[in-house]
2 protein chains.
Amino acid sequence: MAPVGRPRSDASHAAILKATYELLREEGLARLTLDKVATRAGASRSTLYRWWPSRGAIAMEATLDMLNRELSLEPKGDNALAEFRRLLKSVARAMRGSTGPIMAGILAECQRDPETLRLFKENLVAPRRAEVVPLLERGIQDGSIRPGVAPHTILDLTFGAIYHQLLLHVPTDDAWMDGVIDILVNGIAAKPTA
Amino acid sequence: MAPVGRPRSDASHAAILKATYELLREEGLARLTLDKVATRAGASRSTLYRWWPSRGAIAMEATLDMLNRELSLEPKGDNALAEFRRLLKSVARAMRGSTGPIMAGILAECQRDPETLRLFKENLVAPRRAEVVPLLERGIQDGSIRPGVAPHTILDLTFGAIYHQLLLHVPTDDAWMDGVIDILVNGIAAKPTA
DNA sequence: TTGAATACGAGACATGTCGTGTCGTAATGT
DNA sequence: ACATTACGACACGACATGTCTCGTATTCAA
């Protein structure tokens, strides 16, 4: 039970994550090397490899805290649809800063390393959806969202749109997000008889 | 005017693209190296570097023909919205095969090489949109799509959703695409009074 | 027929990154 | 004290990159 031997250095751990995060902002995940991280953190590459299996894993851990801090879902008294609308705009706004390119980099890394993709889905996508899906279900019950739509599909569409802009490096603004939400809410079909 | 010297070898050119395409299907863009391409094509790396600036550029050229063949937009007599619906389903279906992972790999490569992103937007996104945007505008005029929605935003949403599934390696089926289209067409808001 | 110009395949080279391993030293429990 | 584990520094082979040189092949023009 009692852990034996020299304990893990919290200082090193923190320094590594800090260095990783700084380098992510400066150069992006594509040009991040474990050597640069180790050097800046004053650590050795052995230590990095001891605790993380891959570059993606380090970047993920370094990014998660920041994301979780930037994107807090604070429910207000509104109906669920209005709340969802606010959530989307706050996400889009967060992606406008240096967070956007970092996210795009992580998505790219996920394509070359299945383990990073697993971490991404497990630590970011799944927890977020576990929060938002009930919100959308509540929207169906409080009458703001029509029944028959799958909450997950709503999220595929909306987050898909945001990812799309991120990956193609198309800057977004509030007007664009308003357009997305308008289509999502009202659809594109002409009204039967206005 | 008259080109002087030994002309470019069409055989080599074709062999390189063929080898690239095969390797893309077998291992994906992430594990594609120019060395493997050259070896399989019976060419030398010098030749690759002479004609293409980067790995992404080769992969792009090798992929474009195939995509352009797989995704042909054949207008039928329907109204524009119905035609758009068919287009989306055919895209989703195409992405279900080995084309999907290749596209995801290209999107990933775009994050590490701006030149590849430029090629992607210029040779794939832009031409496609140039075809589809008029289709959607026609939909506004023939009364199947309500006015006030930006065609480009419709495409951000729908292709965003498809990319989203590709990047997260979520397999799609016709039912999922139907759900996406239903939301896109009808929106998620509860009808005022059914 | 010769020669200039260009492409080709083969392969060498320095560089950078990766993943692993070794070493001496530091810090904890028993 | 001693076993155990973490640490930083460094070395190693493997691989991919981008550039280069070489001898050879193919074309046009003089």
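Every chain is numbered from 1, with letters handed out A, B, ... down the list of sequences.
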### Task
Evaluate the side chain to side chain contact (heavy atoms under 4.5 Å, CB included) criterion for residues B:Arg128 and B:Leu155: first the C-alpha distance (whole Å), next the side-chain angles of each, then the deciding distance (0.1 Å), finally the verdict.
CA-CA 10 Å; B:Arg128 294 275 157 200; B:Leu155 298 177; over 6 Å; no

Set out, line by line, the N/O atom pairs under 3.5 Å between protein and nucleotides 28-30 of chain D.
none

### Query
Does anything in residues 34-43 of chain B reach DNA chain C, meaning a heavy atom under 4.0 Å, and if so which residues?
B:Gly42, B:Ala43

### Message
Counting only heavy atoms and a strict 4.0 angstrom limit, can you tell me which residues of residues 7-22 of chain B come near DNA chain C?
### Response
B:Pro7, B:Arg8, B:Ser9, B:Ser12

### Query
Closer than 4.0 Å, any side-chain N/O of A:Thr47 to the OP1 or OP2 of D:dG8?
yes

### Message
Does D:dC7 have OP1 or OP2 under 4.0 Å away from a side-chain N or O of A:Trp51?
### Response
yes

### Message
List the residues meeting ring pair (Phe, Tyr, Trp, His ring centres under 6.0 Å) with A:Tyr163, not counting sequence neighbours, and say none if there are none.
### Response
B:His164

### Query
Under 3.5 Å, side chain of A:Arg40 to main-chain N/O of A:Lys18, donor-acceptor pair present?
no

Report the distance from atom [atom1] of [X] to atom [atom2] of [N], rounded to the nearest whole Å.
{"X": "B:Arg45", "N": "D:dC15", "atom1": "CZ", "atom2": "C1'", "value": "11 Å"}
{"X": "B:Leu48", "N": "D:dT19", "atom1": "CG", "atom2": "P", "value": "13 Å"}
{"X": "B:Arg6", "N": "D:dT24", "atom1": "CZ", "atom2": "C1'", "value": "8 Å"}

### Summary
Footprint ends on DNA chain C, 5' to 3', for atoms under 4.0 angstrom from a heavy atom of chain A, come out as C:dT17 to C:dT30

For the [atom1] atom of [X] and the [atom2] atom of [Y], what is their distance to the nearest 0.5 Å?
{"X": "B:Leu24", "Y": "B:Thr63", "atom1": "CG", "atom2": "OG1", "answer": "5.0 Å"}
{"X": "A:Leu119", "Y": "A:Ile106", "atom1": "CG", "atom2": "CD1", "answer": "10.0 Å"}
{"X": "A:Glu83", "Y": "A:Leu88", "atom1": "CD", "atom2": "CG", "answer": "11.5 Å"}
{"X": "A:Leu184", "Y": "A:Arg85", "atom1": "CG", "atom2": "CZ", "answer": "9.0 Å"}

### Message
Could you walk me through whether A:Glu109 and A:Leu32 satisfy the side chain to side chain contact (heavy atoms under 4.5 Å, CB included) test, starting with their C-alpha distance in whole Å, then the side-chain angles of each, then the deciding distance to 0.1 Å, before giving a yes or no?
### Response
CA-CA 11 Å; A:Glu109 187 72 15; A:Leu32 184 76; over 6 Å; no

### Task
Please test B:Phe84 against B:Thr158 for side chain to side chain contact (heavy atoms under 4.5 Å, CB included), starting from the C-alpha separation and ending with a verdict.
CA-CA 11 Å; B:Phe84 181 57; B:Thr158 49; 4.0 Å; yes

#### Entry: Derivation of the side chain to side chain contact (heavy atoms under 4.5 Å, CB included) call for A:Trp51 and A:Ile16
CA-CA 11 Å; A:Trp51 299 109; A:Ile16 288 170; 5.9 Å; no

### Message
Heavy-atom nearest nucleotide on DNA chain D for A:Arg50 versus B:Ser54: which residue maps closer to 5'?
### Response
A:Arg50

### Query
Which residues pass the salt bridge (Lys or Arg N to Asp or Glu O under 4.0 Å) test with B:Arg129, sequence neighbours left out?
B:Asp156

### Query
Taking atom types as modelled, is there a side-chain donor on B:Asp35 or B:Thr33 under 3.5 Å from an acceptor on the other?
no

### Message
Just so I know, are the side chains of A:Leu167 and B:Leu167 near enough to count as touching, which here means a heavy-atom distance under 4.5 Å?
### Response
yes

